[in-house]
Trainee: 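This is the structure I have questions about; it appears just below.
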There are 2 protein chains.
Amino acid sequence: MAVDSSLSERKLTILKAIIQNYLETGEPVGSRTLTKYTDLNLSSATIRNEMADLEDLGYIFQPHTSAGRIPSDKGYRLYVDMLMEDKEQEITERENGLLEKTDKVEQVLRQAAKVLAANTNYATMVSSPVNNRNTLKFIQLSQVDTEQIVAVIVLGGNVIKNKIIEVGETLSNENLLKLNMLLNTTLNGMSIDQITLGLIARLKEQAGIHSEVVGHVLDAVAEIIHVEDDMEIYTSGATNIFKYPELSDKQSAQEIISAFEEKQQLADLVTETLASEDNHGIQVYIGDETPVKTMRDCSVVTATYELGEGMKGTIGIIGPKRMDYEHVMKTLKTLQSELDAIYNKEPKE
Amino acid sequence: MAVDSSLSERKLTILKAIIQNYLETGEPVGSRTLTKYTDLNLSSATIRNEMADLEDLGYIFQPHTSAGRIPSDKGYRLYVDMLMEDKEQEITERENGLLEKTDKVEQVLRQAAKVLAANTNYATMVSSPVNNRNTLKFIQLSQVDTEQIVAVIVLGGNVIKNKIIEVGETLSNENLLKLNMLLNTTLNGMSIDQITLGLIARLKEQAGIHSEVVGHVLDAVAEIIHVEDDMEIYTSGATNIFKYPELSDKQSAQEIISAFEEKQQLADLVTETLASEDNHGIQVYIGDETPVKTMRDCSVVTATYELGEGMKGTIGIIGPKRMDYEHVMKTLKTLQSELDAIYNKEPKE
DNA sequence: TGTTAGCACTCGAAACAAAGGAGTGCTAAC
DNA sequence: GTTAGCACTCCTTTGTTTCGAGTGCTAACA
């Protein structure tokens, strides 16, 4: 990650100027423009020479002869890693307290996606936290109808699931009570891995004639834990990509928007982000670095937030490579800490 | 809804031919083409005369002089109402049994949207059933943590909701039991409108020192009932609109896709459909007839399905006005009855 | 040796022109 | 009432030209 030794101070300045200018305008930038843009007073000819070097080194390229230069992926990477300054830009709309304190996680996340999109003009996504579904906190069976009972299952992290179980028999109140006792005393606080076949057999035995119900309940538990795809992903501003000509031709637009609708690819992205070691940092994927194929022409910036009890989620921004990285990263950081704060500091009301 | 008396048999034939041809090609259709297309043997000149009449009557129009004719909204309307034949087209992909029998409603609906999109090449939406949230079937409070209890609330139609309630005090088991008894004996089977302020006061009184908890529970009930926006809408194939040039310019595409992402407008559409008297029929909105402003250039076809216990949902298709109405309506009908069947016949497993 | 001025050259974008052709409306004859 | 014929319209396509931004290179300069 050390700077290429062949990069003089001046080259860096020029590269930075090129990129910044390109971020603003989206147009290839020529030597003429740069003479005004940089503080170093150089003629266009000199700058041309430097640009030729930079092109040889692979940091910039020309879309065609006789056009100005555009940063390459490598150029962007260098920029993000080294050249970028921390912009102390503030987020508009609801200065501090971006997020209203709603107690529905879902709504907060939806809103987060929206705020993010509104603040950046890119497409955004927020994943619901992936809970560490490995401890069973509580189970409660209740009779709803003569032939239906509802099983409420609370997992670590206060994730509540329920499932209706059809039973042939009508359970008496006391039997239900007994079953609840049985289940809770045996299973509460237990990690999933600890629930073995032997344990199940023993449970069923103890349940006696109601072993069938116990079977159903355990099935429900198993199912709930296995449902992989229940990670929700909220998106917003997918149509923002139309604002960037380089992404808004039919082909690209269709692919990207499809990814946003189907969400599978976004889920992969989340998985990837969460797997990465550099958690609680911010990750920037430029062009081909992106784990999602359909976003080869984009840049993707993601951050991880934490909800306590090991529950983590991802917020992310997808936009053109000429993205305002500084602003985006700043905004992500803010939102990230807001989310962290909302849920960790004060589980208020 | 009677046919305009000025429409001769021949004019109808020609109109139908124009529309069918336009549906296929998407190109304005000229008199020359029609000579081959219709069975009546007429010269192009004659047809031109008839076309001029049809244009005067408002059924077709020219995008510009010296172009062929295109059906107007009025023309499409006539076609859908009278001219269209029932195409006995079968749905591809999984002939009968379009939908796998999953017990998760959500998944079935998601899949329904996908199947629909795959079969039609239009954008599709499926709304989750709107339950008649007007009776309280069951309430269960359970202690989860020292300071948290979870309230499980079952509404008519077996809609289960839960909410975590933070309590300052730790409730003893028997108190919890008493509260449960109190709540259930008082509230079960009660319609929402019956829960008056007086009743609430009485309840709280009876709860004694735990009146606060009761208050929270009732708040939760109120909230759950009021959450309007909890109608889920699943979409698929939004990007299909790119297949139709008349909808895929940036402006339109952006609007339509936004509507699909934000979903609010789709929700309005659903509400509108459900409100309409002609339930269990199929509704066709052509162009301006659409209740959703952003879809003025589209046609929208919707159908209502029923899940028993008065729970209804909507499936819909959004596409260009030159939509294959016959196929779409056929497909919608099939899916509609599949959904009806799955949930009404056999609430299996 | 690094910098700069000058110049010929490239190549896309925009403007313009011409050709082609599908389709029309109208008239006159059948 | 139907049809052939014709002049006319106007969009689409294609080609040509022009324009200018930007380049690379060379030669002169400090």
Side-chain angles (χ1 to χ4, degrees), chain A residues 6-15 17-22 24-72 75 245-246 248-249, chain B residues 6-15 17-22 24-72 75 245-246 248-249:
Chain A
S6 47
L7 280 178
S8 64
E9 192 66 32
R10 196 169 71 180
K11 282 196 175 54
L12 284 176
T13 314
I14 290 175
L15 179 56
I18 292 174
I19 295 183
Q20 285 180 339
N21 195 292
Y22 185 68
E24 281 174 23
T25 65
E27 302 282 306
V29 15
S31 53
R32 194 70 208 305
T33 319
L34 286 178
T35 55
K36 297 160 199 160
Y37 206 81
T38 54
D39 29 358
L40 15 96
N41 275 9
L42 290 176
S43 76
S44 62
T46 314
I47 292 187
R48 274 203 291 283
N49 290 330
E50 296 286 41
M51 284 165 87
D53 291 349
L54 282 170
E55 179 155 12
D56 286 342
L57 292 169
Y59 292 105
I60 54 180
F61 69 97
Q62 297 179 280
H64 57 85
T65 8
S66 91
R69 302 307 211 288
I70 287 179
S72 67
E246 63 265 49
S248 62
D249 61 299
Chain B
S6 48
L7 279 179
S8 66
E9 191 66 32
R10 195 169 72 180
K11 282 196 174 52
L12 284 175
T13 313
I14 290 175
L15 179 55
I18 292 174
I19 295 183
Q20 284 181 340
N21 196 294
Y22 185 69
E24 280 173 23
T25 65
E27 301 282 305
V29 15
S31 53
R32 197 65 214 306
T33 320
L34 286 177
T35 55
K36 297 159 200 162
Y37 207 80
T38 55
D39 28 359
L40 16 97
N41 274 10
L42 291 175
S43 76
S44 62
T46 313
I47 293 187
R48 275 204 291 282
N49 289 331
E50 296 286 42
M51 285 166 87
D53 290 350
L54 283 170
E55 179 155 11
D56 285 342
L57 293 168
Y59 292 106
I60 54 180
F61 69 97
Q62 296 179 280
H64 57 84
T65 9
S66 91
R69 302 304 211 288
I70 287 180
S72 67
E246 63 266 48
S248 62
D249 62 299

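Just so we're on the same page: letters track the sequence lines, and every chain starts at 1.
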Trainee: Take atom CD1 of B:I47 and atom P of C:dT24, then tell me their distance rounded to the nearest Å.
Mentor: 10 Å
Trainee: Check whether any side-chain N or O of B:R69 sits under 4.0 Å from OP1 or OP2 of C:dG25, and answer yes or no.
Mentor: yes
Trainee: Which base sits across from C:dT27 as a Watson-Crick or G-U pair, both distances under 3.5 Å?
Mentor: D:dA4
Trainee: Taking any strand in view, what nucleotide pairs with D:dC10 in a Watson-Crick or G-U wobble way, both distances under 3.5 Å?
Mentor: C:dG21
Trainee: Give a yes/no answer on whether the side chain of A:S43 brings an N or O atom under 4.0 Å of OP1 or OP2 in C:dT3.
Mentor: no
Trainee: Expressed in angstrom and rounded to an integer, what is the separation of A:K11 atom NZ from C:dG2 atom C1'?
Mentor: 12 Å
Trainee: Between B:S44 and B:R32, is there a side-chain donor-acceptor contact under 3.5 Å, judged purely by atom types and distance?
Mentor: no
Trainee: Can you tell me the distance, in whole Å, between the CG atom of B:L34 and the P atom of D:dT2?
Mentor: 16 Å
Trainee: Once you apply a heavy-atom cut-off of 4.0 Å, does A:S31 come out as touching a base, just sugar-phosphate, or nothing?
Mentor: sugar-phosphate
Trainee: What is the distance from CZ of B:F61 to C1' of C:dT24, rounded to the nearest Å?
Mentor: 16 Å
Trainee: Would you mind writing out the side-chain donor-acceptor pairs for residues 62-70 of chain B within the sub-3.5 Å range, not counting sequence neighbours?
Mentor:
unit_1	atom_1	unit_2	atom_2	d
B:Q62	NE2	B:A67	O	2.9
B:R69	NE	B:E55	OE1	2.6
B:R69	NH2	B:E55	OE1	2.9

Trainee: Expressed in angstrom and rounded to an integer, what is the separation of A:L42 atom CG from C:dT4 atom C1'?
Mentor: 10 Å
Trainee: Tell me the interatomic distance from A:N41, atom CG, to C:dA5, atom P, rounded to whole angstroms.
Mentor: 12 Å
Trainee: Checking only heavy atoms, does the side chain of B:R48 share a donor-acceptor pair with the base of D:dG5 at less than 3.5 Å?
Mentor: yes
Trainee: Could you state the atom-to-atom distance from CG of A:N49 to P of D:dC25 in whole Å?
Mentor: 9 Å
Trainee: Between B:T33 and B:V29, is there a donor-acceptor pair closer than 3.5 Å when you use the side chain of the first and the backbone of the second?
Mentor: no
Trainee: Output yes when at least one side-chain N/O atom of A:S66 is less than 4.0 Å from OP1 or OP2 of D:dG22, else no.
Mentor: no
Trainee: Kindly say if B:R10 contacts the phosphate of D:dG1, meaning a side-chain N or O under 4.0 Å from OP1 or OP2.
Mentor: no
Trainee: Would you say D:dC10 has OP1 or OP2 under 4.0 Å from some side-chain N or O of B:T65?
Mentor: yes
Trainee: What is the distance from atom CD1 of B:I18 to atom OH of B:Y59, rounded to the nearest 0.5 Å?
Mentor: 12.5 Å
Trainee: Closer than 3.5 angstrom, by distance alone: can the side chain of A:S72 be matched with the main-chain N or O of A:F61 as a donor-acceptor pair?
Mentor: no
Trainee: Which is more 5' along DNA chain D, the nucleotide nearest A:E55 or the one nearest B:E50? Just name the residue.
Mentor: B:E50
Trainee: What is the distance, rounded to the nearest whole Å, between atom CD of A:Q62 and atom C1' of C:dC11?
Mentor: 11 Å
